[in-house]
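Heads up: the structure comes next, in structure tokens.
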Amino acid sequence: MKYQGVIFDLDGVICHTDKFHYQAWKALADRMGIYFDGEINNRLRGVSRMESLEIILERYGGTLTEDEKIKIADEKNERYKSLLAQMDESDVSETVSSTLNKLREAGLKLAIGSSSKNTRLILNRIGLGGFFDAISDGNNIAFSKPHPQVFTLAAEYLNLAPAECLVVEDARAGIEAAVAGGFDSAAVGDAANDERATYRLKSFSELIDVISTNLLF
Ligand code: B16
Ligand code: MG
């Protein structure tokens with residue numbers, strides 16, 4: 001079997017917290033008089049919280065100290081977490097849920113590789129708190145996507161080499177990270193147009209075809 005493990009990005013792959021990130025950043029940008037829209041929000045996919053803030057501040061006229069930036073990022077995170085309280089098991093689609101179960105039944109090891117420091121909170125809310133064999137997230141990395149660290153650590157936690165794992169991503173920064181780490185990647189959503197991805201999926205369920213095709217090799 002070519003792949004023995006699958007490493008999933010969280011936001012935009014397993015569930016959709018992107019709308020909550022948008023709402024929380026938008027409230028902050030409005031208060032500070034900074035222009036912010038869906039296109040700028042797309043650039044924040046897979047990028048860490050502080051790097052997201054820097055992207056938003058590209059349109060800010062003034063200057064801020066590091067302490068002020070940390071305070072703003074904390075304020076955004078508090079708003080974001082209060083929005084996450086709305087999430088429950090219904091935020092995992094039928095397709096995602098049945099695909100995860102089929103991959104597990106096929107004997108694959110499954111991990112999360114997310115830039116988010118709220119990964120465990122989100123997984124608990126959507127009923128997947130104990131599901132994955134390993135979790136690598138924004139809390140255990142020094143460099144976020146497009147650096148490959150979050151995925152190389154996930155592979156290490158699974159006791160697998162990068163070449164034995166498939167990364168599933170919705171962000172271009174995530175596909176870049178997979179390539180840099182020596183991983184094959186399956187792209188969904190926004191990243192599905194990224195030519196660097198090994199597989200460009202129309203639906204999450206196509207993962208089953210990718211894995212079963214590679215069972216033959
Ligand atoms: P937090 P992923 C990423 O999650 C989001 O796509 C990105 O928009 C966010 O800035 C980042 O997590 C950090 O999130 O503020 O919760 O630590 O796509 O890598 O699962
Ligand atoms: Mg993502």
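Counting convention: from 1, in listed order, for ligands and their atoms alike. If you're wondering where the values come from, they're calculated on a predicted model, not measured in any experiment.
The environment of Glu195 atom CD is sparse: at most 12 non-hydrogen atoms of other residues, nucleotides or ligands sit within 6.0 angstrom. Counting heavy atoms of neighbouring residues, nucleotides and ligands inside a 6.0 Å radius, atom NZ of Lys202 does not exceed 12 of them. The number of heavy atoms from other shown groups lying within 6.0 Å of CD (Gln86) is above 12. More than 12 heavy atoms of other residues, nucleotides or ligands sit less than 6.0 Å from atom NZ of Lys69.
Ranking protein heavy atoms by distance to atom 8 (O) of ligand 1, first place goes to Leu44 O, 2.9 Å. Annotation: atom 18 (O) of ligand 1 to nearest protein heavy atom, Asp9 OD1, 2.9 Å. Of the protein's non-hydrogen atoms, the one nearest atom 5 (C) of ligand 1 is Asp11 OD2, 3.3 Å. Considering only non-hydrogen protein atoms, atom 15 (O) of ligand 1 sits nearest to Arg49 NE, 2.8 Å. Scanning all protein heavy atoms for the shortest distance to atom 19 (O) of ligand 1 gives Ser115 N, 2.8 Å.
Looking at Asn41, its side chain never comes within 3.5 Å of a backbone N or O of Asp37 through a donor-acceptor pair. Arg172 places no side-chain N or O within 3.5 Å of a backbone atom of Ala191 that could act as its donor or acceptor partner. Remark: side-chain polar atoms of Glu169 are not paired, donor with acceptor, to backbone N or O of Asp9 under 3.5 angstrom.
Residue contacts with ligand 1: Asn77 is placed with no nitrogen or oxygen under 3.5 Å of a nitrogen or oxygen of the ligand (distance criterion only). Polar contact with ligand 1: absent for Gly113 (N/O pair, distance under 3.5 Å). Considering backbone and side-chain atoms alike, Ser114 places an N or O below 3.5 Å from some N or O of ligand 1. Ligand 1 has no nitrogen or oxygen under 3.5 angstrom from a nitrogen or oxygen of Arg45. An N or O contact shorter than 3.5 Å links Lys145 to ligand 1 by distance.
Interface atoms of ligand 1 facing Tyr80, defined by a heavy-atom separation under 4.0 Å, are 16 (O). Ligand 1 places these atoms under 4.0 Å from at least one heavy atom of Lys117: 1 (P), 16 (O), 17 (O). Interface atoms of ligand 1 facing Asn118, defined by a heavy-atom separation under 4.0 Å, are 1 (P), 16 (O). Heavy-atom contacts of Leu10 reach the following atoms of ligand 1: 20 (O) (cutoff under 4.0 Å). Close approach to Ser52 involves these atoms of ligand 1, each under 4.0 Å from a residue heavy atom: 10 (O).
One finds the CD1 atom of Ile72 at 6.0 Å from the CG atom of Leu53 (value rounded to the nearest 0.5 Å).
Not close to ligand 1: Gly138, with no non-hydrogen atom less than 4.0 angstrom away.
The atom of Asp11 nearest to the Mg ion (ligand 2) is O, with the search restricted to N, O or S atoms. Asp9 has its closest N, O or S atom to the Mg ion (ligand 2) at the position named OD2.
Contact annotation: for Val47 versus ligand 1, heavy atoms closer than 4.0 Å belong to the backbone alone.
Here Asp184 pairs with Lys2 in a salt bridge; the nearest charged N to carboxylate O distance falls below 4.0 Å. Between Asp67 and Lys71 no salt bridge is recorded (no basic side-chain N to carboxylate O distance below 4.0 Å).
Under the 6.0 Å distance and 45° angle rule, Arg104 counts as a cation-pi partner of Phe131.
For a distance bound of 2.8 Å, the N, O or S atoms of Asp170 include one lying that close to the Mg ion (ligand 2).
Among Trp25, Tyr60, Tyr22, the one residue that satisfies the ring-ring contact (aromatic ring centres under 6.0 Å, His included) test with Phe36 is Tyr22.
Side chains of Asn118 and Asp137: a donor-acceptor N/O pair is absent below 3.5 angstrom, by distance only.
Looking at Gly12, Ala24, Gly46, Ala177, it is Gly46 that brings a heavy atom closest to atom 6 (O) of ligand 1.
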